[in-house]
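Only a predicted model underlies this, so the values are computations on that prediction, with no experimental measurement involved. For ligands, and for the atoms within them, numbers begin at 1 and follow the listed sequence.
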Amino acid sequence: MTNPISTRKHGDVLIVESNNPPVNALSAAVRQGLVEAIEQGEADDGVKALVIACEGQTFFAGADITEFGKPPVMPWLPEVVDRIEACSKPVVAAIHGTALGGGLEVALGCHYRVAVPSAKLGTPEVKLGLLPGAGGTQRLPRVAGVEKALQMCATGNPIGAKEAYESGLVDRLIEGDLVPHAVAYAEEVSDVRPLPRSSERQDRVENVDASVFDDFRKANGRKFRGFDAPDANIRAVKVATEKPYGEGVIEERKLFMELMSGGQAKAQQYFFFAERKAAKIDDIPEDTKPRDIKRVGVIGAGTMGGGISMNFLSAGIPVTIVEMGQDALDRGTGVVRNNYEASATKGRFTASQVEQAMGLLNPTLDFDALADCDLIIEAVYENMDVKKEVFGRLDTIAKPGAILASNTSYLNVDEIASSTSRPQDVVGLHFFSPANIMKLLEVVRGAKTAPDVLLTAMRIGKKIRKVPVVAGVCHGFIGNRMLMPRQVEATKLLLEGASPEQIDKVHVEFGMPMGPFQMADLAGVDIGWHRDPNRIENIRDALCAIERWGQKKGAGFYDYDEARRPNPSPVVQDIIEDFAKKQGVERREISTQEIVERTIYPMVNEGAKILEEGMAQRASDVDVVWVYGYGWPVYRGGPMYWADHGEGLQKIVDGLKRNEERMKPEFSFSKLLLDKAEKGERFTR
Ligand code: T1G
């Protein structure tokens with residue numbers, strides 16, 4: 001193993017550089033090399049100061065997550081950071097890319113920090129179910145202040161170099177070449193004594209009003225609900241205001257070990273790698289090249305078409321958006337502008353970025369304008385005939401090599417492809433609504449989709465900041481297919497005696513953002529309704545017939561007040577009881593356990609069927625779909641991880657068997673699930 005840390009002298013400054021691609025993770029070799037470099041600099045009388053920098057993409061992006069769960073290898077990170085800080089000569093951190101987690105802790109161990117304006121600094125440990133475990137929760141508030149430390153540690157969101165400079169976390173912003181300027185800065189401070197050691201600073205952690213911690217908790221209650229790590233981060237930062245550094249880090253270590261040994265951290269670390277694995281396509285040739293996407297076409301300027309367009313516009317890719325009529329076109333482009341302006345008021349975009357994005361949008365009624373697009377995405381009415389007609393026309397207009405994508409959320413992509421002479425260029429790009437916000441993108445691989453088309457779809461998905469997951473052609477692909485058994489059983493449970501609020505409560509307490517009926521009201525109870533108010537065959541038809549179409553109508557499964565808060569509806573309760581009577585369903589008390597076994601366990605069973613049919617590449621992809629597409633609580637890893645590590649497959653099989661009769665005829669066991677349970681195997685690592 002070559003030493004990833006190299007040293008070279010520039011005048012009387014020792015430059016210590018890490019070369020540990022891809023992100024300079026603080027592996028054992030890097031940690032060892034840093035300690036040796038510090039000792040080398042300290043022992044050399046010709047050295048008056050040191051600079052620590054990283055080659056490649058980024059400054060240290062944190063501890064090496066691949067080492068987690070393995071026996072610790074010395075020196076461990078807290079020791080390395082303390083050794084840097086104890087150096088008798090000034091050490092300057094030269095930051096570019098992302099100084100994250102242990103990487104920021106190394107920078108905090110340095111006496112000074114300089115950064116290029118594009119750099120980001122953060123403590124994302126909380127997203128791994130952890131907290132900064134190398135002194136970060138004690139040094140960060142001492143350098144950047146308690147409020148900034150709370151925001152960074154408890155949310156895990158990085159801040160930019162400018163914000164870091166304004167908070168005191170960065171001492172100087174470097175315009176131009178980073179390392180030479182960092183060396184010059186080191187020259188400047190080489191004689192400054194006493195050395196500014198972060199752990200010794202008290203001015204920013206004294207006389208702190210203790211209410212700031214509870215206020216922060218309250219302000220973020222919804223976001224942190226169910227998670228262990230955010231509160232542990234808040235507690236650790238609070239200790240920095242109560243105890244000297246030496247005692248504070250002992251408390252930090254205790255909290256860190258508690259989190260590390262807990263199930264949530266394991267689930268969130270599993271998910272970190274699951275998300276990255278989803279980007280990989282297992283079975284295409286290594287040398288497959290993606291096609292170049294310079295211009296995108298979108299057909300349909302409705303909610304989805306507009307949202308889809310925004311993803312590309314925000315990534316600087318021009319979009320030609322086509323509609324059938326001028327009114328619809330104007331309405332669609334108006335919605336796009338309004339969305340941008342609404343985001344600008346929240347500080348997500350500057351006014352010039354909005355104009356820049358809108359300047360890339362080319363609205364037109366002329367279908368032929370799509371002829372020069374490299375990727376054309378259809379977002380028209382969810383009807384197979386309509387889609388086949390659109391693709392048939394596209395086939396005559398689109399240039400050779402253009403990728404033709406459908407945004408369908410259920411329909412058969414192979415059948416759509418069959419309406420063209422180029423099925424190899426057809427793929428599904430299933431965006432989730434709102435398309436400009438939701439990160440999940442199901443990339444539906446047709447039987448004839450070419451490898452380079454699939455690869456291009458995955459790459460462009462990442463470029464527009466989505467999390468793309470490959471799905472096979474089946475009804476509902478991965479996410480919506482697993483949603484169906486949940487909805488079927490939830491509706492049957494209404495007839496059998498459970499209320500919408502009882503079922504939703506079970507799901508919300510499980511950690512979902514909302515339950516099945518709140519979700520139906522949000523999306524629209526009338527989605528997929530046959531629209532004949534006289535044809536009432538189920539509870540949904542009955543609600544739609546009296547225009548209880550959900551939140552948009554102020555009433556659906558719930559009544560909504562002016563603040564859109566859901567209230568149980570006596571009208572709905574009557575409809576349910578009416579239906580139960582008509583269908584001769586005897587109502588009874590339904591337990592929480594039965595609701596879990598009949599609405600969450602069948603999702604795992606369906607996920608297993610998806611895997612046995614090859615409709616997902618791997619179980620962790622199913623988990624990525626559910627976390628990013630539906631808000632499955634990431635501290636439970638995802639449906640398949642939770643089945644393995646949360647419930648256990650045998651318990652799930654037993655629960656499904658207990659309810660099998662009530663779930664027929666829709667329900668049937670996945671053979672893969674039965675097989676794995678019997679053999680004591682797992683879906684995920
Ligand atoms: N350790 C090991 N591997 C890592 C890694 C890490 N910290 N970060 C990324 N990788 C791998 C990743 O799996 C992928 O591998 C490749 O690098 C590129 O990653 C004591 C305990 C830095 C913003 O949480 O946020 O420090 O798939 O696809 O989009 O207090 O990676 O190619 O085989 O994400 O350019 C805290 C996690 C750790 C940062 C770059 N640090 N990383 O994004 O590339 S805990 C983090 C990221 C800690 C201390 C605590 C991102 C990135 P492969 P990528 P990217």
Review point. Yes or no on side chain to side chain contact (heavy atoms under 4.5 Å, CB included) for Leu173 and Val116, after CA distance, side-chain angles and deciding distance?
Key: CA-CA 6 Å; Leu173 292 175; Val116 293; over 6 Å; no
Check your understanding: Within the side chain of Thr456, is there an N or O that forms a donor-acceptor pair under 3.5 Å with the backbone of Arg291?
Key -> yes
Check your understanding: What atoms of ligand 1 come within less than 4.0 Å of a heavy atom belonging to Pro132?
Key -> 30 (O)
Practice item. For the residue pair Ser314 and Tyr340, confirm or rule out a side-chain donor-acceptor distance under 3.5 Å. Key: yes
Review point. Is atom 30 (O) of ligand 1 in close reach of the protein, with a heavy atom under 4.0 Å away?
Key: yes
Check your understanding: Side chain, backbone, both or neither: which part of Pro124 has a heavy atom under 4.0 Å from ligand 1?
Key -> side chain
Review point. Non-hydrogen atoms of Leu128 versus ligand 1: any pair closer than 4.0 Å?
Key: yes
Practice item. Please name the residue in the list Val170, Asp171, Val51 that meets the side-chain contact (heavy atoms from CB on, under 4.5 Å) test with Tyr112. Key: Asp171
Check your understanding: Of Gly62, Ala63, Ala25, which has the heavy atom at the shortest distance from atom 7 (N) of ligand 1?
Key -> Ala63
Review point. Hey, which atoms in ligand 1 end up nearer than 4.0 Å to a heavy atom of Phe272?
Key: 8 (N), 9 (C), 13 (O), 37 (C), 42 (N)
Exercise for review: Say whether Gly133, considering both its backbone and side-chain N or O atoms, lies within less than 3.5 Å of an N or O atom on ligand 1.
Suggested key: yes
Review point. Quick one: does Lys277 get a heavy atom under 4.0 Å from ligand 1?
Key: no
Review point. How far apart are the C-alpha atoms of Ile65 and Phe68, what are their side-chain angles, what is the distance that settles it, and do they pass the side chain to side chain contact (heavy atoms under 4.5 Å, CB included) test?
Key: CA-CA 5 Å; Ile65 307 176; Phe68 288 0; 3.7 Å; yes
Check your understanding: Strictly under 4.0 Å, does any heavy atom of Pro22 approach an atom of ligand 1?
Key -> yes
Check your understanding: Hey, is Glu251 close enough to Arg235 for a salt bridge, meaning N to O under 4.0 Å?
Key -> no
Check your understanding: Looking only at protein heavy atoms, which one is nearest to atom 39 (C) of ligand 1, and how far off is it?
Key -> Ala61 O, 3.3 Å
Check your understanding: Which protein heavy atom lies closest to atom 53 (P) of ligand 1, and at what distance to 0.1 Å?
Key -> Lys280 NZ, 3.9 Å
Check your understanding: Will you find, in the side chains of Thr241 and Glu206, an N or O donor that is under 3.5 Å from an N or O acceptor?
Key -> no
Review point. What's the spacing between Leu255 CG and Asn233 CG if we round to 0.5 Å?
Key: 9.0 Å
Check your understanding: Considering all protein heavy atoms, does one lie under 4.0 Å from atom 42 (N) of ligand 1?
Key -> yes
Exercise for review: Have a look at ligand 1 and work out which part of Glu105, if any, has a heavy atom under 4.0 Å from it: side chain, backbone, both or neither.
Suggested key: side chain
Check your understanding: Which residue owns the protein heavy atom closest to atom 1 (N) of ligand 1, what's the atom, and how far is it?
Key -> Ile65 N, 2.9 Å
Practice item. Verify whether one side chain among Asn24 and Ser18 offers a donor that lies under 3.5 Å from an acceptor in the other. Key: yes
Point to revise | Closest approach of any protein heavy atom to atom 25 (O) of ligand 1, naming residue and atom | key: Leu100 CD1, 3.9 Å
**Study point:** Protein contact to atom 13 (O) of ligand 1 [nearest heavy atom, distance to 0.1 Å]
**Key:** Arg276 CD, 3.6 Å
Point to revise | Cation-pi, Phe272 ring and Lys127 (6.0 angstrom, 45 degrees) | key: no
Exercise for review: Answer yes or no for Glu67: is there a heavy-atom contact with ligand 1 below 4.0 Å?
Suggested key: no
Review point. For ligand 1, is there an atom lying under 4.0 Å from some heavy atom of Lys462?
Key: yes
Exercise for review: Could you walk me through whether Glu147 and Gln151 pass the side-chain hydrogen bond (donor to acceptor under 3.5 Å, both in side chains) test, one step at a time?
Suggested key: CA-CA 6 Å; Glu147 309 241 343; Gln151 172 209 327; over 6 Å; no
**Study point:** Heavy-atom protein neighbour under 4.0 angstrom from atom 21 (C) of ligand 1
**Key:** yes
Review point. Considering all heavy atoms of both residues, which atom of Ala37 and which atom of Val16 are nearest to each other, and what is their separation?
Key: CB-CG1, 3.6 Å
Revision key, fill the gap. The protein heavy atom nearest to atom 44 (O) of ligand 1 is Gln57 NE2, 4.5 Å
Review point. How far is atom 10 (N) of ligand 1 from its nearest protein heavy atom, and which residue and atom name does that atom have?
Key: Val23 CG2, 3.9 Å
Check your understanding: Any donor-acceptor pair under 3.5 Å linking the side chain of Gln617 with the backbone of Asp282?
Key -> yes
